[in-house]
Amino acid sequence: MRFTRKQRLLNSQEYKYVFEDALKSSDSCLTVLARKNGLDLARLGLVISKKRIRNSVDRNRVKRLVRESFRNNQQCLAGLDIVVLAKYRANKVDNSVLLQSLAKHWLSLKL
RNA sequence: GGAGUUGGUUGAGCAGUCGCUAUAUUUAUGAUUUAUAAGAAUAUAGAGGAAAGUCCGGGCUUCAUAGGGCAAGGUGCCAGAUAAUCUCUGGGAAGCGUGAGCUUAUGGAUAGUGCCACAGAAAAUAUACCGCCUACGGGUAAGGGUGAAAAGGUGUGGUAAGAGCGCACCGCAUUAAUGGUAACAUUAAUGGCAGGGUAAACCCCACCUGAAGCAAGACCAAAUAGUUAAACAUUGAUGUUGUCCGCAUCGUUUAUGGGUAGGUCGCAUGAGGUGACUGGUGACAGUCAUCCCAGAUGAAUGACUGUUCUUGACAGAACCCGGCUUAUAGACUAACUCCACCU
RNA sequence: GCGCUCGUAGCUCAUCCGGAUAGAGCAUCAGCCUUCUAAGCUGAGGGUAGCAGGUUCGAGUCCUGCCGAGCGCG
């Protein structure tokens, strides 16, 4: 499974498109938004603010985990534009917990 | 063996699978051809000692002048190092520590101005309060208490009482000699005490500072639309910080309205790293050999599994370097000091 | 990438160019008043002045370094 530039949201119009009318799934760590994009691919965007997670090391860790999980599950998400928002708790949680949480979100969005 | 001081090095390792970014090579597809675009495979490389804070300094780029005066700001013992510094090294002075060592915005209070609460007679001005002495004109600053600070200190002689009034030692100032590049130190002579503190209060003296910052700036491509009104117009406006002079340009500014903000370069060979030798007390410099070591742009280093140990801190490049400051689990190592014991 | 401002009681602010007990309003608590509450009156508590150093006899105030918050320009 590869994860290329095509599979990312690259500018603010694409983000706006998702925010306007989205399916929503959230828990204590993350909020996930999704909207159909009319393509074969799934596309991912990340919103991880400096206010919620102070250190850049932690921000990068969350980003990488989300990307990794997205990469492994992209087939079942095909045709969706997805935006992941991090919450305050996300930098206090272990990798495995975060991955489990993501897996749940993917499942709920797929339905 | 214990306690400590000052430096230096390092910042979990190994294997497997799947991914990300860059570079090189190869390959197939589309296209009239080239350029190019997007894709695949292989190989190689891929965050730090602080990448952080942005506190200093420099490179680089642009601004027609980097010219002058006045402002404004900074630095402040001496000498050196450096591209440069509010950095570093060595030395002097003062303070702290038994010591190794550590700390210091460390010029000037005899250029001038200001401030010094309360207490105290008095806060720098002496016809000085209590006092002491007296020939009742006055003399005096020993003693008293206040305070952060009160006109050299201690002793002794001396006196009406006292007093650098005299002397000895200590402190201080001036002059000279010697040592040192210098800061300064030592010695000698002279003076009889020069007249409190504060310059991180204004200031004086010496030295330094043109401004802006990679969103600098250069190039390519695309798109476009100006109109109306008002103000000023060489005694004006604008031009890279304040102001005046000087210099450059000729329209400028405000309101209203329309349009564009895509890409490439800048951008990774550098005051570079490593090792050896030489010079220097040292910061550092020189010579030779060798190496090429991130370059993203909604922004790359990760995930999972297994395994070992000491169970892993602080923390993520964004034009680049040199410092400083702050955060930091530990591990290793060198030199030195003090205490106790043994030989 | 530059430049600037602020941090004082639970909250909002004073404290002159350094001088000693850091003050005011609201809030809190206690008492009075009222049948009870509100309003009113009286009193009390609450502060290492963001943190750490330095200058000074003396620092909330001056200087330096950190921490936090906010603003402006491109």
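Per chain, numbering begins at 1; letters A, B, ... match sequence-line order.
- Nucleotide B/G120 has no partner under the Watson-Crick or G-U criteria, as no pair reaches both atom distances under 3.5 Å.
- In the set B/G19, B/A299, B/A303, B/A299 carries the atom at the smallest distance from any side-chain atom of A/Arg67.
- Within 4.0 Å (heavy atoms only), A/Asn95 reaches sugar-phosphate atoms of the nucleic acid but no base atom.
- Atom CZ in A/Arg61 sits roughly 15 Å away from atom P in B/A300 (whole-Å rounding).
- Between A/Val47 and A/Leu99, the residue anchored nearer the 5' end of RNA chain B, judged by the nucleotide with its closest heavy atom, is A/Val47.
- In this structure, CG in A/Leu33 is found 12.0 Å from CG in A/Leu80, a value given to the nearest 0.5 Å.
- Remark: C1' of B/G302 and CG of A/Leu98 are 13 Å apart, rounded to the nearest angstrom.
- Donor-acceptor pairing under 3.5 Å, judged by distance alone, is absent between the side chain of A/Arg59 and the base of B/G298.
- A/Ser69 contributes no side-chain N or O that, together with a main-chain N or O of A/Val66, makes up a donor-acceptor pair within less than 3.5 Å.
- Residues A/Glu68 and A/Leu46 each lie close to RNA chain B; by heavy-atom proximity, the contact nearer the 5' end of the strand is made by A/Leu46.
- Against the 90° criterion about 0, the sugar-base torsion of B/U125 places it in the syn range.
- Nucleotide B/C20 holds its P atom 18 Å from the CG atom of A/Asn60, rounded to whole Å.
- Base-pair partner of B/G147: not found among the strands shown (Watson-Crick or G-U wobble, both distances under 3.5 Å).
- With a 3.5 Å ceiling on both atom-pair distances, the Watson-Crick or G-U wobble partner of B/U174 is B/A189.
- Syn is the glycosidic conformation of B/A47, whose angle stays within 90° of 0.
- For the pair A/Leu44/A/Arg71, no side-chain contact is recorded, criterion being any heavy-atom separation below 4.5 Å from C-beta on.
- The pairing partner recorded for B/G259 is none, the criterion being a Watson-Crick or G-U wobble arrangement whose two distances lie under 3.5 angstrom.
- Taking side-chain N and O atoms only, A/Arg71 has no distance below 4.0 Å to OP1 or OP2 of B/A303.
- Under the 4.0 Å criterion applied to side-chain N and carboxylate O atoms, A/Arg35 and A/Asp81 are not assigned as salt-bridge partners.
- Classification of B/G46 as anti follows from a glycosidic angle more than 90° from 0.
- In this structure, B/A45 forms a base pair with B/U21, meeting either the Watson-Crick or the G-U wobble geometry with both donor-acceptor distances under 3.5 Å.
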> Dot-bracket for RNA chain C, 5' to 3', with Watson-Crick and G-U pairs under 3.5 Å, [ ] for crossing pairs and | for other-strand pairs: what is it?
Replying inline: (((((((..((((.....[...)))).(((((.......))))).....(((((..]....)))))))))))).
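- Contact between A/Leu65 and A/Leu99 at its shortest, heavy atoms only, is O-CD2, 4.1 Å.
- The separation of B/U75 from B/U87, taken at their C1' atoms, amounts to 13 Å, rounded to a whole angstrom.
- Here B/G19 presents its C1' atom at 14 Å from CG of A/Asn73, a figure rounded to the nearest Å.
- For the pair A/Trp106 and A/Val32, the minimum side-chain heavy-atom distance is below 4.5 Å.
- In terms of heavy atoms, A/Leu30 sits closest to A/Ala86 at CD2-CA, 4.0 Å.
- At a threshold of 4.5 Å between non-hydrogen side-chain atoms, the residues A/Asp58 and A/Arg61 count as touching.
- In this structure B/G137 sits in the syn conformation; its chi angle is within 90° of 0.
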